[in-house]
Amino acid sequence: MARRSKVTINDIARHVGMTNMTVSRAFQDPDKVKPETREKILAAARELGYVPNAFASHLRSRKNRLIGLVTASVDNPFYSEVIKAISRAAEQHDYTIMLIDTDGSPEREEVAIETLLSYQVAGVILSPVSDDAAYQPAYLERLRAAKLPVVMLDRILDVKDFSRVVLDNRLAGRLVGEALVNEGIRQVLVLTGPRGSRITQHRLSGLKEAYDSAGIPLRLEQRPGDYTLQPAYRDMADFLRHSKVPEAVFGFNQLITLGAMRALHDAHVSRDDVLVAGIDRLPYADIFDVSVPCAVHDTYRAGHEAFHLLFEQIKDPTVAGREVVVSASLMH
């Protein structure tokens, strides 16, 4: 089948017997075109199947109402909830979100930033692919040169000049640690993100602090992953093949915890034989009568604060960068 050619302003102008300028004005500045002329042009556009180029119109109008949102994993339930909060806050202020999922790829993240710069977005909310202190992507200088408002969310780069919304990861680790102490747990298999991740390091420190404060020795084994389900499943299954069932398994986010639970299920390990705990709420776990102690953060507040920090900078580019810390609480 031959590909249908794209209808242009020129095609409409020829169809209605008017100049390109008149047709273009009918779309871009309709108040300056007579109503009957405008209606004739719009009818022709509908008939021919014309679709306006939103990007070009945006650049011409300079009315910048786009905000870029870059995340490493939209399939992570944590980010799904945060994105919903950002989208709602943006809508209240007549902004539109342009969401790009980098799927954990630094190369895709680089392209995402270049794309958003080309669209001349009003600002960017960024959750980078890594929070390792050594990760210093080249696009940082491009963002600075463009003087673009940027707010980092959850995972943050080791820079001082961008605002950020972070979770209290040390507290989250400590809360789960205290729950494990209260259950009499002395041996914990910890399934984490990358070793170099500061989120991993802070959550691990909080866990150890809980045992140190209680004066109880902890036998801990760490299996680092990448905050996704499959590596957690693989590591849990591997552990069960070579070691005894641990007293407790601690997953450092929702997907890790779910991966561990799937591996335990596939290995026919009863929930009575191992305590599973995690960070982040497990969606719909109560439907299956599954109780998992979790340290949870207010994801709605995280997204809401990220947008408002960005909006603050859009209104006043001279405002100093700020940090907002979202606390954690324990739920069962």
| query | Can any side-chain N or O of Arg164 pair as donor or acceptor with the backbone N or O of Phe162 at less than 3.5 Å? | reply | yes
| Arg195 and Gln201: side-chain donor and acceptor closer than 3.5 Å? | no
| field | Set of residues satisfying side-chain hydrogen bond (donor to acceptor under 3.5 Å, both in side chains) with respect to His308, sequence neighbours excluded | value | His304
| request: Give a yes or no on this: more than 12 heavy atoms of other residues, nucleotides or ligands lie within 6.0 Å of atom NE2 of His93. | output: yes
| message | For the backbone of Glu209 and the side chain of Ser213, can you confirm whether one donor and one acceptor N or O come within less than 3.5 Å of each other? | response | yes
| request: Report yes or no: does Asn169 contribute a side-chain atom to a donor-acceptor pair with the main-chain N or O of Leu167 at less than 3.5 Å? | output: yes
| message | Are Leu229 and Ile256 packed together at the side-chain level, in the sense that at least one heavy-atom pair is separated by less than 4.5 angstrom? | response | no
| message | For the residue pair Tyr227 / Thr200, report whether a side-chain donor-acceptor contact shorter than 3.5 Å exists. | response | yes
| Looking at Pro224 and Asp235, what are the two nearest heavy atoms and their distance? | O-OD2, 3.6 Å
| Between Tyr95 and Phe307, how do the two ring planes meet: parallel, tilted or perpendicular, split at 30° and 60°? | perpendicular
| query | Do Arg203 and Val176 come close enough that some side-chain heavy atom pair is under 4.5 Å? | reply | no
| message | Can you confirm whether the side chains of Asp132 and Ser130 place a donor and an acceptor under 3.5 Å from each other? | response | no
| message | When you compare the side chains of Tyr79 and Asp101, does any donor N or O come within less than 3.5 Å of an acceptor on the partner? | response | no
| task | State whether the side chain of Glu247 and the backbone N or O of Arg186 hold a donor-acceptor pair below 3.5 Å, judged by distance alone. | result | yes
| said: Do Ser163 and Glu323 pair up side chain to side chain, a donor and an acceptor below 3.5 Å, judged on atom types alone? | reply: no
| note | Rounded to the nearest 0.5 angstrom, the OG-CD distance for Ser243 and Glu221 is 6.0 Å
